[in-house]
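Worksheet for the structure shown next.
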Amino acid sequence: PPRLRQHRPERERHRHREAVIGLLLEGVYDEWMDGRIVHPGAATVLVKPPETSHANAIGRTGTHTILIQIPPESLALLESPVLDDAGIYLDARVVRIASDMRRELAHADDTRPLGLDALVAELLAIVHDRRGARGRGYSRTQLWLAQVRERLHDDPARNVALYELAILAGVHRAQVANGFRDAFGC
């Protein structure tokens, strides 16, 4: 079942026997995975198939994450390739799902396993939908969205014009606005 975990500042390259779905609740970190560096945020689902080599660089204050580990013997029950490829998927619904998971994990009762299973199913549906539309989870769209999000987070007090973000992303202003709204719900 999912569990709440606090990460410490640095980890070396490692692998997990299980498939891992990660949700960042608080903090900042970089993840090296599948030959790429990713910067997970509040609206991202990070997927790592079993034995995916990866490393984390955790910010000074640490992070709070939810890691869902699915043993290889359970992957066959999914009857879907949804966790076959490493990826990072942006979707505004992830913020609500992570919050609901945190609440479920904090309250131990008889319905907790059912609630968590339902939330994991929602995450898998998001990954399945995004995977089909976005390839392996890394796409030009997601890369420019990550750049735009980083730019906005670097200096939140500064007013940035939409055209500046479009130039940074290398896409039209309307595409920035629509893509950001689709990914983050704002």
Side-chain angles (χ1 to χ4, degrees), residues 1-8 11-27 29-56 58 63-139 141-143 145-146 182-185:
R3 66 182 190 266
L4 187 62
R5 182 178 224 185
Q6 182 169 10
H7 279 288
R8 301 293 176 223
R11 298 202 83 169
E12 294 181 14
R13 186 166 289 283
H14 60 283
R15 300 172 186 269
H16 299 275
R17 183 178 90 68
E18 304 85 0
V20 176
I21 301 171
L23 305 171
L24 178 66
L25 299 173
E26 297 169 11
Y29 78 99
D30 296 327
E31 175 103 17
W32 287 269
M33 165 182 83
D34 195 33
R36 301 169 192 254
I37 184 170
V38 295
H39 313 284
T44 58
V45 178
L46 194 62
V47 173
K48 293 177 266 197
E51 301 299 332
T52 299
S53 178
H54 64 283
N56 318 98
I58 311 295
T63 64
H64 283 94
T65 59
I66 294 176
L67 296 179
I68 303 157
Q69 296 179 317
I70 303 172
E73 55 273 12
S74 297
L75 290 175
L77 300 174
L78 292 177
E79 298 178 1
S80 168
V82 71
L83 299 178
D84 287 354
D85 296 314
I88 184 168
Y89 303 89
L90 302 170
D91 194 295
R93 295 170 290 179
V94 174
V95 175
R96 180 199 49 84
I97 293 170
S99 176
D100 290 351
M101 281 187 166
R102 182 180 230 171
R103 194 171 22 264
E104 286 286 343
L105 289 166
H107 293 50
D109 63 24
D110 293 342
T111 63
R112 181 166 74 176
L114 182 60
L116 289 171
D117 281 351
L119 292 167
V120 170
E122 281 188 69
L123 282 175
L124 291 173
I126 289 169
V127 171
H128 182 268
D129 292 348
R130 293 285 181 177
R131 185 176 183 270
R134 308 276 194 232
R136 293 187 58 217
Y138 299 100
S139 71
T141 301
Q142 290 173 331
L143 291 175
L145 279 171
D182 287 347
F184 302 107

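Predicted model, so just to flag it, every value in this text is computed and none were measured.
- The shortest distance between side-chain heavy atoms of L23 and L123 falls below 4.5 Å.
- Between V82 and L124 the shortest heavy-atom distance is CG2-O, 3.6 Å.
- For the pair M101 and I68, the minimum side-chain heavy-atom distance is below 4.5 Å.
- D100 and R103 are joined by a salt bridge, as a carboxylate oxygen and a charged side-chain nitrogen come within less than 4.0 angstrom of each other.
- Under the 4.5 Å side-chain criterion, counting only non-hydrogen atoms from C-beta, M33 is in contact with K48.
- Residues R15 and S53 meet the side-chain proximity criterion, which asks for heavy atoms closer than 4.5 Å.
- Of the inter-residue distances, the one linking E51 atom CD with H14 atom NE2 reads 11.5 Å to the nearest 0.5 angstrom.
- Under a 3.5 Å cut-off, the side chain of D109 and the backbone N or O of T111 do form a donor-acceptor pair.
- The two residues L24 and P40 make their nearest non-hydrogen contact at CD2-O, 3.4 Å.
- Here T65 contributes atom OG1 and R102 contributes atom CZ; the two are 10.0 Å apart, rounded to the nearest 0.5 Å.
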Hey, mind stepping through V45 and I21 against side chain to side chain contact (heavy atoms under 4.5 Å, CB included) and telling me if it holds? CA-CA 7 Å; V45 178; I21 301 171; 3.6 Å; yes
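- Atom CD1 of I126 and atom CZ of R93 lie 4.0 Å apart (nearest 0.5 Å).
- Across every non-hydrogen atom of R17 and P71, the tightest pair is NH2-CB, 4.1 Å.
- Checking each of T63, V95, I66 against L25 for a side-chain contact (heavy atoms from CB on, under 4.5 Å) leaves exactly one that passes, namely I66.
- Note that CG of D117 and CD of E122 are 12.0 Å apart. Values are rounded to the nearest 0.5 Å.
- Residues E31 and N56 have side chains in contact (heavy-atom distance under 4.5 Å, counting atoms from C-beta outward).
- Proximity of T52 to H16: side-chain heavy atoms (C-beta onward) are nowhere separated by under 4.5 Å.
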Step by step, would you call L46 with T44 a side chain to side chain contact (heavy atoms under 4.5 Å, CB included)? CA-CA 6 Å; L46 194 62; T44 58; 5.8 Å; no
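- Looking only at side-chain heavy atoms (C-beta outward), D84 and L75 stay at 4.5 Å or farther from each other.
- Checking side-chain atoms of R112 against main-chain N and O of L105 turns up a donor-acceptor pair under 3.5 Å.
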Under the side chain to side chain contact (heavy atoms under 4.5 Å, CB included) criterion, do V20 and Q69 qualify, and how do the steps go? CA-CA 5 Å; V20 176; Q69 296 179 317; 4.1 Å; yes
